[in-house]
2 protein chains.
Amino acid sequence: MNKEFEQQESNINGEGFLPGLAIDTVIFGFHDNQLKVLLLSYKNSSLYALPGGFIHDNEDVNQAARRVLESRTALSDIYLEQFYVFGDYSRYDPAPLKTIMKARGYEPPHDHWLLKRFVSIGYYALVDFTKAVPAPDEISDSCDWYSLDNLPLLMQDHRQIIDKALETLRSNLDQKLIGFNLMTDEFTMGDLQSLYETILNKKLIRAAFQRKMLGLGILERIAKKWTGGAHKAPYLYKFISNKVPTEN
Amino acid sequence: MNKEFEQQESNINGEGFLPGLAIDTVIFGFHDNQLKVLLLSYKNSSLYALPGGFIHDNEDVNQAARRVLESRTALSDIYLEQFYVFGDYSRYDPAPLKTIMKARGYEPPHDHWLLKRFVSIGYYALVDFTKAVPAPDEISDSCDWYSLDNLPLLMQDHRQIIDKALETLRSNLDQKLIGFNLMTDEFTMGDLQSLYETILNKKLIRAAFQRKMLGLGILERIAKKWTGGAHKAPYLYKFISNKVPTEN
DNA sequence: TATTATTGTATCATTATGTTACAATAAGGT
DNA sequence: ACCTTATTGTAACATAATGATACAATAATA
């Protein structure tokens, strides 16, 4: 779903789009020591869904994914990566989209292109929670962050898509140093450790974690952060951006 | 391309198939200390290509990939995994397929489904070279193994697809212990090390490699292998299959 | 000024990996 | 039979990475 939905709806043959192929994007953010994903809710529906969209017939697939991402977060230059194609026949279920269209007062023909079988390419994005501005469009009620351990009921197989995205993020975390894309510009070592612990779902050893991160040589120490706590103030760090993967 | 090509050719609207979506499979084997891939050559054409195919409109995408793989190697229960979707607009080039069809004496209509833009889902498979039986079909001259460091000229972006597959294999090798799928049933430690060295494209330290492999606890020592060489005979090993990932 | 919690880092322990060395041994030659 | 040769299996030690503990430094607050 994207801003062009009205055109897509009345365009019953899907003219201008690649047929049967969709994009779903798992947009991860990190806030309050919790991993979050950006979800939409549809008007007149209790269904939540991942931001997604379709591919113009003269557009690169990766470019389409970036377009979807930017339309939802108003961010560019974001870490974005394909992770899996969801193509089981059992995904095929025209009911939810039919419901959405009917709720909008539109009665789609039987062979409307949006009611056919779709294969979906899964992407995940890592964004700075504080910079993303969740933007709903005309067919969605809301576009908001939801904590991963408290997700609402999701449309179709979107729950499995999120699970697979998280699994991919987890296994790429150490190898690719992509975690920094989820941090704010400045952060403490505690913040960073908390992010790693949340993604990997396990406690890490503080001393070893700090030693390793500093040893990577991609952190620059800025200043101290007075939190107001009755204890030594932590340093703030920023990461040296040209040493960390952002765009592919 | 698969055995049903004649039907696909005369079926100008692609009835029964998902439109615009294809599968390309990089089938890896290992022989003579070299990585090999299975390639087809088309009749009346100098073009080589990856084994590929299309998805039935009532078939899982992963199942379709397995069907393609089995039709080319006569093997089942093979390690097979999605690795990337190739969806750039610049891939779109109807010329090669047009040439192939014309060479078969078939003049396709302008809007033949096979001449439209395709997005291709890349899979890679790891097979035991000694067990796979390369099988061409009626539109291919040949179906044979080619050494990775001596590939013929390939159709479209198939060369990039192979490169990306190798990159994925390389980065998954240690983590997932999938290398064993490329070995014969019984092998020496030297064979295994040679495989790793070839995939990773670097020399490994013999003592450390052996220690690590034995430490994994997935190898069973069988017997000695008398090679005829004037030296100590190496042991043969087989891997304890229920400890190694094969199918997903 | 004492108390408190947290941070940064040093220190040592443990594990993993790199490196060297060497005994075991299966041909082949004499 | 015995010596030579190349390769294997593994021990032994060196170095690097990680786990675990300890402790000084230090911002609040009382």
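Chain letters run A, B, ... following the sequence lines, proteins first, then strands; residues in each count from 1. Worth saying up front: this structure is predicted, and the values here are computed from it rather than measured.
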Practice prompt. Pick base, sugar-phosphate or nothing for B/L204, based on heavy-atom distances below 4.0 Å to the nucleic acid.
Written response: nothing
Worksheet item: Judged by atom type as modelled, is there a donor-acceptor pair below 3.5 Å linking the side chain of B/R170 to the main-chain atoms of B/I199?
Response: yes
Worksheet item: In chain order, what residues pass the salt bridge (charged side-chain N to carboxylate O under 4.0 Å, His left out) check against A/D157, with sequence neighbours excluded?
Response: A/R91
Fill in: Gap between atoms OH and P, on A/Y235 and D/dA25 respectively (whole Å)
13 Å
Discussion item. Can you measure A/Q193 atom CD to D/dG19 atom C1' for me and round it to whole angstrom units?
Written reply: 13 Å
Item to complete: With A/Y237 as reference, evaluate A/M213, A/M183, A/M189 under the side chain to side chain contact (heavy atoms under 4.5 Å, CB included) test and give the passing residue.
Response: A/M189
Item to complete: Measure the distance from CG on A/L236 to P on D/dA27 and round it to the nearest whole Å.
Response: 13 Å
Worksheet, complete the sentence: A/L214 atom CG is separated from D/dT18 atom C1', nearest whole Å, by 15 Å
List the atom pairs, donor and acceptor, that lie under 3.5 Å between side-chain atoms in residues 33-41 of chain B and the rest of the protein, sequence neighbours left out.
residue: B/N33; atom: OD1; partner: B/S194; partner atom: OG; Å: 2.8
residue: B/S41; atom: OG; partner: B/S142; partner atom: OG; Å: 2.6

Worksheet item: Under 6.0 Å between the ring centres of B/F28 and B/F129?
Response: no
Worksheet item: Which heavy atom of B/R72 sits nearest a heavy atom of B/I27, and at what distance?
Response: CB-CD1, 4.4 Å
Worksheet item: Which nucleotides of nucleotides 14-23 of chain C have their base under 4.0 Å from a protein heavy atom (B), which only their sugar-phosphate (S), and which neither (-), written as one string 5' to 3'?
Response: ---BBBB---
Worksheet item: Between atom CD1 in B/I222 and atom C1' in D/dG9, what is the gap in whole Å?
Response: 17 Å
Worksheet item: Roughly how many Å is it from NZ in A/K202 to C1' in D/dT18, rounded to a whole number?
Response: 12 Å
Worksheet, complete the sentence: Separation of D/dT10 atom P from B/M213 atom CE, nearest Å, is 15 Å
Worksheet item: For the pair made of CD in A/Q210 and P in C/dT7, what is the distance, rounded to whole Å?
Response: 9 Å
